[in-house]
Amino acid sequence: MNVLGTHDTMRILTALGTGSSAKSRREFSKFRMTEREYELGKRRLMIASALQYTLPGFPCVYYGDEAGMQGGADPFNRLPFPWGHEDAELHDWYRYLGSVRRRHYASLAGGSYKLIRASGAEFSFARGDSLIVTVDADELTVEIVDRT
């Protein structure tokens with residue numbers, strides 16, 4: 001299983017946006033990411049989730065990660081799902097990744113993995129004959145190309 005976050009860890013969005021888990025329980029009880037931290041975390045999460053969904057393995061998403069939930073380690077990562085307040089861009093992104101997995105099931109479930117490029121912050125690979133994934137961690141971009 002490809003896992004980015006669980007009930008035992010800080011919310012992945014918070015970890016990717018703040019880069020630190022060195023807050024006390026009291027600090028996390030009132031903690032909210034700044035807008036800049038949130039946007040950075042979201043861009044990084046989009047890259048990480050693209051890899052989670054397209055590298056060999058099966059993606060497992062901790063509830064709320066697809067909605068933009070933030071928070072520290074347990075119990076601050078277990079807040080209720082934000083029904084009606086989801087991050088629409090992230091929610092749509094996870095729907096898109098699900099559609100990629102459905103359309104390219106054969107390539108992702110049993111297809112080959114071929115490294116195309118790994119240099120600095122750039123990483124590109126092919127899955128089967130139908131998919132090419134390219135990420136750039138410096139530019140915070142991800143591209144999934146359907147070759148069918």
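One-based numbering along the sequence shown. The structure displayed is predicted, hence computed values, not measured ones.
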Backbone N or O of Gly84 within a donor-acceptor pair of the Glu86 side chain at under 3.5 Å? yes
According to a 4.5 Å side-chain heavy-atom criterion applied to Ile, Leu, Val, Met, Phe, Trp and Tyr, with indirect links allowed, do Tyr105 and Leu97 form part of one hydrophobic cluster? no
Which value, rounded to the nearest 0.5 Å, describes the distance between Tyr94 atom OH and Glu89 atom CD? 12.5 Å
Could you tell me if the side chain of Trp93 sits less than 4.5 Å from the side chain of Leu45, heavy atoms only? no
Quick one, Thr14 and Phe76 - any side-chain contact, counting heavy atoms below 4.5 Å? no
What one should report as the nearest heavy-atom pair of Ser124 and Leu115 is O-CD1, 3.6 Å
Interatomic distance, Met10 atom CE to Phe31 atom CZ [nearest 0.5 angstrom]: 7.5 Å
Please report the interatomic distance CZ(Arg127) to CZ(Arg147), rounded to the nearest 0.5 Å. 12.0 Å
Between Lys42 and Glu39, is there a salt bridge with N-O shorter than 4.0 Å? yes
Would you tabulate the side-chain donor-acceptor contacts of residues 58-72 under 3.5 Å, counting partners in other chains and residues two or more places apart, or write 'none'?
unit_1: Tyr62; atom_1: OH; unit_2: Asn77; atom_2: O; d: 3.4
unit_1: Tyr63; atom_1: OH; unit_2: Arg78; atom_2: O; d: 3.2
unit_1: Tyr63; atom_1: OH; unit_2: Leu79; atom_2: O; d: 2.6
unit_1: Asp65; atom_1: OD1; unit_2: Arg11; atom_2: NH1; d: 2.9
unit_1: Glu66; atom_1: OE1; unit_2: Gly64; atom_2: N; d: 3.0
unit_1: Gln70; atom_1: OE1; unit_2: Met33; atom_2: N; d: 2.7

Using side-chain heavy atoms (C-beta onward) and a distance below 4.5 Å, is Asp146 in contact with His104? yes
Side chains of Arg103 and Leu131: closer than 4.5 Å at any heavy-atom pair? no
Who clusters with Val145? Use side-chain heavy atoms, under 4.5 angstrom, across I, L, V, M, F, W and Y, and order the result by chain and number. Ile116, Ile132
Is there a donor-acceptor pair under 3.5 Å between the side chain of Arg43 and the backbone N or O of Leu140? no
Which heavy atom of Ala50 sits nearest to which heavy atom of Val142, and what is that distance? CB-CG2, 3.5 Å
Nearest 0.5 Å, please: how far is OG1 in Thr9 from CG in Leu4? 9.0 Å
Following the transitive rule for hydrophobic clusters with a side-chain heavy-atom cut-off under 4.5 Å over Ile, Leu, Val, Met, Phe, Trp and Tyr, establish whether Tyr113 and Ile144 coincide in one cluster. yes
Indicate the atoms forming the closest heavy-atom contact of Thr148 with Ser130, along with that distance. CG2-CB, 3.3 Å
Leu108 side chain reached by Tyr53 side chain, heavy atoms, under 4.5 Å: no
Neighbour count above 12 (heavy atom, 6.0 Å) for Asp129 CG: no
Side chain of Thr34, backbone of Glu37: donor and acceptor closer than 3.5 Å? yes
Report yes if the side chains of Leu51 and Phe125 come closer than 4.5 Å at any heavy-atom pair, otherwise no. yes
Interatomic spacing from CG in Leu16 to CE in Met46 - rounded to 0.5 Å: 13.0 Å
Separation between CG (Leu90) and CG (Leu13), nearest 0.5 Å, reads 6.5 Å
